[in-house]
Amino acid sequence: MTRLARLAGLALLSLAAALPARAESLADTMVAAYRHSALIEQNRAVLRAADEDVAASVATLRPVVEWVARHSAQRSEGGDTIRSTSMSIGASLTLYDFGRSQLAIDGAKEQVLATRQALVGVEQDILLAATQAYFGIREALEQVALQQNSVEVLGRTRQAAQDRFDVGEITVTDVALADAQLAATRAALAAANGQLEIAREAYLAITGRQAGTLSAPPPLPSLPPAIDEARMIAQRSHPAILQSQRQAAAAEISVAAAAAERNPTLSGTASIGIDRAPRTAIGGDYDNRNTASVGLELSQTLYSGGRLSAAHRRAMAQRDQARASLLNTSRQINQAVGEAWANIDVARAQITALDEQVDAAQQAYEGVREEALLGARTTLDVLDAEQSLLEARADRISAQSNLQLAHYQLLSAMGLLTVENLNLGIPTYDPSQYYKAVRSAPYTSKQGESLDRVLRAIGRN
């Protein structure tokens with residue numbers, strides 16, 4: 001039975017090896033990049049740190065409980081050493097601060113929402129880089145195949161030139177021209193192979209694995225009917241704009257918080273303790289005395305040397321900065337949408353023109369070659385026609401790649417190049433999960449256990 005099992009296992013392995021490997025699609029590349037990206041992991045950690053800022057702001061509204069132990073020794077000239085020991089536990093609580101703490105909480109929440117949008121922006125960048133790597137390899141492979149075919153064709157052209165030279169139909173100059181063109185094409189093939197290796201390295205860096213066989217690109221994504229509609233979508237959904245909006249809201253809250261720093265603060269204190277000290281001032285037996293105290297304190301800064309005024313002016317300047325940044329980001333996104341839209345139009349026009357150029361260059365090459373066989377054309381004419389055809393085909397490959405990439409660049413400019421919008425069908429990171437676990441500043445064991453489960457779920461235990 002053991003031998004049969006081994007034979008069966010070997011047969012399955014042989015069958016698996018014989019089956020063709022599944023070609024990787026553009027969606028596979030995007031999924032691999034999303035899962036591999038360390039930059040996404042970095043920004044998820046930044047978001048969790050922002051979540052903790054909310055918890056820290058919430059904690060300022062809660063009591064602060066501290067214990068204190070003291071021991072002192074005092075000795076006067078000619079007297080005994082008097083020692084005293086005390087231990088106490090106290091609590092202090094801000095009862096009312098005219099909204100300063102709540103403003104801090106609101107500002108921290110706005111920063112959390114801004115950081116979430118920054119994470120979406122990083123996700124878009126990673127998916128766009130994966131798209132560029134995918135199309136980069138496909139274009140490089142097509143260029144290599146084109147140059148290899150050209151080397152083979154020019155090799156036959158060179159041999160034909162040599163045969164005609166041997167029978168005295170052409171001169172050695174024609175053979176030299178064929179040799180030069182063949183050498184130039186071999187150099188172009190070497191350059192194309194180099195670009196392919198560079199593209200493979202880019203694919204490895206973004207996905208964490210070597211590129212295998214790539215499948216044909218999917219159908220081009222659907223686009224809005226007009227550029228104005230694309231710009232409207234971008235203004236509503238691009239993460240950079242949404243992030244700037246949240247940062248502007250946080251800056252507005254910071255101005256109100258800076259103004260509130262001038263208001264009074266009402267706090268309460270309570271403590272209990274035990275003191276061990278001599279019964280009399282000159283020493284003697286020691287007594288243990290229990291102590292307890294409660295109190296209220298109302299305080300307000302009347303003069304701070306201009307610090308509070310400076311902080312208020314700084315907050316207003318930062319608010320103006322955030323507003324200007326929002327306007328600038330909005331304009332940049334509009335520009336990005338316009339450029340991507342123009343790239344699509346240009347690539348389409350280029351492909352139409354290049355298709356015509358390739359057809360004409362193909363006819364010209366075939367005609368020149370036939371005329372050269374009849375002695376009506378020189379070897380240089382044939383080589384020039386071959387070079388024109390090669391350049392037209394190479395340009396068409398680049399234009400087709402640019403058209404496909406420009407569609408995804410437009411999706412990115414519109415804020416739609418995300419795992420969710422592309423329906424990649426993989427679990428995504430839930431930015432609210434950690435926030436919900438820490439927003440109430442957990443300390444009790446039940447909340448702590450819940451937070452531990454969240455950390456394990458996101459692989460950060």
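S57 contributes a side-chain N or O that, together with a main-chain N or O of D53, makes up a donor-acceptor pair within less than 3.5 Å. A donor-acceptor pair under 3.5 Å links the side-chain atoms of T207 to the main chain of Y203, judged by distance alone. Side-chain N or O atoms of T60 include none that pairs as donor or acceptor with a backbone N or O of A56 at under 3.5 Å. Checking side-chain atoms of R246 against main-chain N and O of E110 turns up no donor-acceptor pair under 3.5 Å. Side-chain atoms of S412 never come within 3.5 Å of backbone atoms of Y408 as a donor-acceptor pair (strictly under, hydrogens ignored). Side-chain N or O atoms of R62 include one that pairs as donor or acceptor with a backbone N or O of A441 at under 3.5 Å. In this structure, the side chain of D28 engages the main chain of S25 through a donor-acceptor pair within 3.5 Å. At distances below 3.5 Å, at least one donor-acceptor pair connects side-chain atoms of Q124 with backbone N or O atoms of L417. Counting only distance, with no hydrogens or angles, the side chain of E123 and the backbone of V419 share a donor-acceptor pair below 3.5 Å. Checking side-chain atoms of E24 against main-chain N and O of A211 turns up no donor-acceptor pair under 3.5 Å.
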Test side chain to side chain contact (heavy atoms under 4.5 Å, CB included) on I233 and L416; report intermediate values, then the result. CA-CA 9 Å; I233 295 174; L416 302 179; 4.1 Å; yes
If you apply the rule side-chain hydrogen bond (donor to acceptor under 3.5 Å, both in side chains), what do you find for E197 with N193, and how did you get there? CA-CA 6 Å; E197 291 305 313; N193 279 314; over 6 Å; no
Check against side chain to side chain contact (heavy atoms under 4.5 Å, CB included), Q117 and I241: CA-CA 9 Å; Q117 294 302 325; I241 293 179; over 6 Å; no
Dump the intermediate steps for side chain to side chain contact (heavy atoms under 4.5 Å, CB included) on H407 and I344, then the final yes or no. CA-CA 7 Å; H407 277 73; I344 292 175; 3.8 Å; yes
Which is it for Q362 and E366 under the side-chain hydrogen bond (donor to acceptor under 3.5 Å, both in side chains) test, yes or no, and what are the steps along the way? CA-CA 6 Å; Q362 182 68 40; E366 293 173 355; 2.9 Å; yes
Please test V54 against V112 for side chain to side chain contact (heavy atoms under 4.5 Å, CB included), starting from the C-alpha separation and ending with a verdict. CA-CA 8 Å; V54 176; V112 166; 3.6 Å; yes
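The OG atom of S244 lies 10.0 Å from the NE2 atom of H238; values are rounded to the nearest 0.5 Å. Rounding to the nearest 0.5 Å places CG of L141 at 9.0 Å from OG1 of T213. From I397, atom CD1 reaches atom CG of L146 across 5.0 Å, with rounding to the nearest 0.5 Å. Atoms CD and CG, from Q132 and D125 in turn, are 9.5 Å apart once rounded to the nearest 0.5 Å. For the atom pair CZ (R396) and OG1 (T352), the distance works out to 11.5 Å, reported to the nearest 0.5 Å. Distance OG/S325 to CD/Q245: 11.5 Å, rounded to 0.5 Å.
Counting heavy atoms from C-beta on, the side chains of I426 and R35 come closer than 4.5 Å. A heavy-atom distance below 4.5 Å is not found between the side chains of T94 and L61. The shortest distance between side-chain heavy atoms of D51 and T115 does not fall below 4.5 Å. Counting only heavy atoms from C-beta outward, the side chains of Y365 and V153 approach each other to under 4.5 Å. At a threshold of 4.5 Å between non-hydrogen side-chain atoms, the residues R323 and E252 count as touching. Under the 4.5 Å side-chain criterion, counting only non-hydrogen atoms from C-beta, T418 is not in contact with T428. Considering only heavy atoms from C-beta on, R200 stays 4.5 Å or farther from L204 through its side chain.
Inspection of the D359 and Q363 side chains reveals no N or O donor paired with an N or O acceptor under 3.5 Å. Checking E391 against Q387 by side-chain atom types alone, a donor-acceptor pair falls below 3.5 Å.
Around atom CD of Q321, no more than 12 heavy atoms belonging to other residues, nucleotides or ligands sit under 6.0 Å away. Heavy-atom contacts from other residues, nucleotides or ligands closer than 6.0 Å to CZ of R231 number more than 12.
Residues R138 and E142 are paired through a salt bridge, judged by an N-O separation under 4.0 Å between the basic side chain and the carboxylate. A salt bridge is absent between E386 and R369; no separation between the charged side-chain nitrogens and carboxylate oxygens falls under 4.0 Å. Look at D179 and R158 and you find a salt bridge, because one of the NZ, NE, NH1 or NH2 atoms lies within 4.0 Å of a carboxylate O, short of that distance.
Smallest separation of non-hydrogen atoms from A260 and R100: O-NH1, 3.0 Å. Nearest heavy atom pair, residue V144 against residue L189, reads O-CD1, 3.7 Å.
Of the candidates R44, E52, R439, E52 is the only one forming a side-chain hydrogen bond (donor to acceptor under 3.5 Å, both in side chains) with Y434. Shown are R314, E261, R262; of these, the side-chain hydrogen bond (donor to acceptor under 3.5 Å, both in side chains) with S309 is made only by R262.
Cation-pi geometry between R116 and Y429 is not met at under 6.0 angstrom from the ring centre and within 45 degrees of the axis.
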